[in-house]
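What follows is a short report on a single structure.
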2 protein chains.
Amino acid sequence: MSNLTLEDIAKRCGVSRSTVSRVINNHPNVSDKVRKRVQKEIKNTGFRPHAAARALVSQRSWTVGLVLPRSVNSFFTDPYYPRLIQGIAQGCNQLKYTLGLYLITDSEDEEEIFPRLSRSGSLDGILFQSDQIGDQLIDRLAQSGIPLVIIGRPFHNDNISYIDIDNISAAIMAVNHLVSLGYQRIGTITGPLNTTVGIDRKNGYRQALQEHGFSVDEDLVVEGDFTEDKGYAGMLKILPAQPDAVFVASDQMAIGAIRALREKGLRVPEDVAIIGFDDLPLSNSADLHLTTVHQPVYQFGVKAVEFLNDLIITGTTPPRHIIMGTELVVRESCGAHIQQL
Amino acid sequence: MSNLTLEDIAKRCGVSRSTVSRVINNHPNVSDKVRKRVQKEIKNTGFRPHAAARALVSQRSWTVGLVLPRSVNSFFTDPYYPRLIQGIAQGCNQLKYTLGLYLITDSEDEEEIFPRLSRSGSLDGILFQSDQIGDQLIDRLAQSGIPLVIIGRPFHNDNISYIDIDNISAAIMAVNHLVSLGYQRIGTITGPLNTTVGIDRKNGYRQALQEHGFSVDEDLVVEGDFTEDKGYAGMLKILPAQPDAVFVASDQMAIGAIRALREKGLRVPEDVAIIGFDDLPLSNSADLHLTTVHQPVYQFGVKAVEFLNDLIITGTTPPRHIIMGTELVVRESCGAHIQQL
DNA sequence: CTTGTTTTTGGAAGCGCTCCCAATTTTTAT
DNA sequence: ATAAAAATTGGGAGCGCTTCCAAAAACAAG
C-alpha cells in the first residue's frame with residue numbers, strides 16, 4: 001500500500017520530487033494550484049514519507065527515549081509511574097515525538113543499554129529517571145552530547161539538566177501543617193533513602209521540625225520504599241514511639257500505614273494524623289480522604305518533554321534545572337476539618 | 001563523539017567501507033586479521049552505525065509499536081498494564097527491538113494516530129491492545145499490511161492475529177471452584193462489557209452455572225470496570241441479592257469488594273467468599289490472601305513480542321491465534337483452607 | 001611456475017528523502 | 001512593449017548504510 005515514494009507522487013502529479021517535498025514540509029514557495037493538486041494526490045494515495053529516509057537526511061529521528069532503571073521496582077505497584085508516563089506521552093504527542101520506552105529489566109546490564117541509547121540517529125533526546133545506580137550511565141550519556149533531561153534530581157551530578165519538584169519545601173509545608181494543628185510527636189515514613197526524592201523529603205521533614213524547635217527523635221523516622229507494604233510495616237515499626245502524626249512520603253505508603261492503624265484499632269486522625277504525598281486519584285477514594293501534598297505528575301511529564309525539546313533545539317549547555325511547585329491538599333486525615341468546625 | 005561513519009572507521013583501518021560493514025554485521029567473508037583490527041577500532045572509537053541509514057537501506061527499523069487506546073482508562077489504576085508493559089519490554093530487549101509507546105490520550109483523535117503508525121519505515125510491527133473503539137483502526141492497520149498482533153481477542157475481527165488468555169475457561173474454572181465448595185448463590189462483578197475480556201469472563205460465569213444446573217439470577221450480576229472503586233460499588237449493589245460467593249473479574253475490583261464487605265461487618269470468606277482474577281502481587285499482601293485466577297501477564301507480554309516477531313519474519317498470513325492458559329490459585333478468600341482442616 | 005579455485009576485498013549503486021542552486025516562469029515596474 | 005525583480009520549479013548531490021559484482025589476493029593442484 002504505502003510503498004510509494006516521493007518520486008511516485010511527483011510523477012503522478014507531473015511535478016518534481018522537490019516540489020512534492022516542499023508541499024509535505026509546508027515550504028512557502030509553491031504555487032497554490034500545484035500545492036492543491038499534490039495534496040490531493042497524497043491524500044488519495046495515503047502516501048507517507050519514509051521515516052528513516054527523512055531521519056537520515058535531516059539528522060532528526062523525532063523520537064525521544066524514556067529510560068526507567070531497574071531500581072524503579074515500584075513501577076508496577078505505584079500509580080505514580082503510569083501517570084508520569086501518560087504525561088510524557090501527552091507531551092510527545094503535542095510535539096510530534098514518538099516515545100521510545102527503555103525499561104531496564106533484570107536480564108539487561110546497564111552496559112548493554114548504553115549502545116542502544118547512544119546509537120547515533122535513533123534518538124533525538126533522552127528522559128532518564130534519576131537513580132543511584134544509573135548515575136554513571138547518566139554521566140556517559142551526558143558526555144556523548146545527546147540532549148538529556150534527568151527526571152528527578154540526580155545524585156552527585158548537578159551540572160546536568162534536570163526537572164524535579166521541590167521536595168524539600170513540599171515536605172516542610174506538610175510538616176508545618178501538622179505543627180500548626182498542634183501535633184507534638186510527628187514521625188515520618190520516608191521514601192527509599194538511596195533516591196534523592198527519599199532523601200529530600202526526609203530532609204524537609206527534619207528541617208521543618210528544627211525550625212519549630214522540635215528535636216528529631218530517630219525512633220519516629222522509618223525508611224520505606226513507596227510500596228503499600230512498606231507503609232504498613234513502617235507504621236507498625238513507628239507505633240511504639242507513639243507518634244500523634246506521621247508524614248508519609250507517598251500516598252501508596254500512607255494507605256498501608258492507615259491499614260496498619262485500623263488493624264490496631266486506632267483512628268485517623270483522632271489517634272494518629274496522617275499526611276501523604278502525591279495526591280494521585282487513589283488518595284481520595286470512598287473510604288479515604290487523605291490530606292496530602294499534591295504534585296503535578298501529569299504536567300510534570302508534559303513539561304519534561306517540552307524541556308527536552310528545548311534542549312534539542314537550543315543546545316544542552318548550560319545545564320538548566322526546572323523545579324515545579326507543589327501544594328497542600330487538606331482533606332480529612334489530619335483533622336483540620338474537625339478543628340475548623 | 002559519535003559522528004563517525006563507516007567510512008571513517010574504514011579509513012583508520014586502511015580498508016574499505018564494505019569490509020567494515022561486513023565486520024559489523026558478522027558476515028563470514030572477512031579475514032581474521034582484518035576483522036580483529038576493525039573490531040578494535042570500533043571499540044576504541046565507540047562507533048555506532050547510524051540507525052536511520054541502516055533502517056533506510058535494510059527496510060527494517062527494529063522498532064515495534066505498542067498502542068494503548070484511550071479507553072484503557074484503568075491504565076494508571078490497575079497494575080495489570082504496567083506489568084504487561086514490563087513483559088513486552090523484556091520481549092523487546094531479548095529480540096533487540098526498540099519499543100515505541102503510543103498512548104492515545106484525550107486530545108488525540110484515532111484519526112491522527114493512523115498516519116503515525118503506518119508511516120512507512122518507522123515500525124516493523126504493532127502490538128495493539130484490543131478495544132471496541134479501536135476496532136476500525138485495527139482493520140485499517142491490518143489492511144495496510146503491517147505485521148499486527150492484537151492483545152486480547154478483538155471484537156468482530158477474527159481473521160486477524162491475536163494473543164489472548166482463555167478467559168471463558170478461566171471463569172468456568174473459578175466458578176467451578178466456588179460450586180465445589182458448596183456455595184449456592186454465586187454472583188459476579190464483571191469487567192467492562194464493552195471489552196471482550198469483560199464479556200468472555202461473564203460468559204464463562206454463566207456457562208459454569210448452567211453446567212451445574214444453577215439458574216442465572218440477574219440480580220447477582222453487576223457490571224464493573226476493573227477499578228477498585230467499581231469493585232466497591234459493585235459489591236454494595238450486589239449485596240441485597242444475598243450472594244454467598246462472588247466471582248470478581250479482577251483482583252483490583254476484588255479488593256474494593258472486600259473493602260465494602262468489611263465495612264458492612266461481613267467476613268470473607270465466612271459470610272461471602274470472594275474469588276478474583278489476575279493474581280498480581282497485590283492479591284497476596286499482608287491482610288489479603290485472595291483466591292484468584294492466575295494469568296501469566298508478564299510472560300504474556302514476552303510472548304506477544306515473540307509472536308509479532310514471527311509475523312514480521314514469516315509474514316502475516318494466515319492469521320494465527322495464541323491462547324495462553326491460566327491456573328487457579330487457592331488461598332484463603334474462598335474458604336477452601338477451612339474446609340480442608 | 002602455470003592454471004584453476006576459493007577467499008577476501010573494494011567500488012558503485014541505490015534505499016527515499018531534504019536542500020542548495022540554477023533554470024524557468026510569473027509578476028511588477030518602466 | 002521590455003527589463004528587472006520575484007516567485008516557482010527541477011536537477012543534483014548527498015545523508016550513512018547494505019549489497020551486488022567484479023577485481024585482487026591467497027591457496028591448491030598439476
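Because the structure is predicted, anything quoted here is derived from the model rather than measured. Every chain is numbered from 1 and lettered A, B, ... according to where its sequence line falls, protein lines coming before strand lines.
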Using the side chain to side chain donor-acceptor pair (under 3.5 Å) rule, take A:Asn25 and A:Arg54 through it: C-alpha gap first, then chi angles, then the decisive distance, then the call. CA-CA 11 Å; A:Asn25 296 293; A:Arg54 245 184 165 169; 2.8 Å; yes

Is there a side chain to side chain donor-acceptor pair (under 3.5 Å) between B:Tyr97 and B:Asp124? Walk through the geometry before answering. CA-CA 9 Å; B:Tyr97 284 107; B:Asp124 285 346; 5.0 Å; no

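Heavy atoms only, all atoms of each residue included: B:Ile160 and B:Pro154 are closest at CG2-CG, 3.8 Å. Between A:Val23 and A:Arg35, the closest heavy-atom pair is CG2-CA, 4.1 Å. Taking each heavy atom of A:Trp62 and A:Lys96 in turn, the nearest pair found is CE3-O, 3.8 Å.
Neither side chain, A:Gln143 nor A:Arg140, offers a donor N or O lying under 3.5 Å from an acceptor on the other.
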Check: protein-nucleotides 22-24 of chain D nitrogen or oxygen pairs below 3.5 Å:
none

How would nucleotides 7-18 of chain D be written as a contact map, 5' to 3', with B for base contact, S for sugar-phosphate-only contact and - for no contact, using protein heavy atoms under 4.0 Å? -BBBBBBBBBBB

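Here the rule is side-chain contact (heavy atoms from CB on, under 4.5 Å) with A:Val305, and of A:Ile88, A:Leu66, A:Ile163, A:Asp310 only A:Ile88 fits it.
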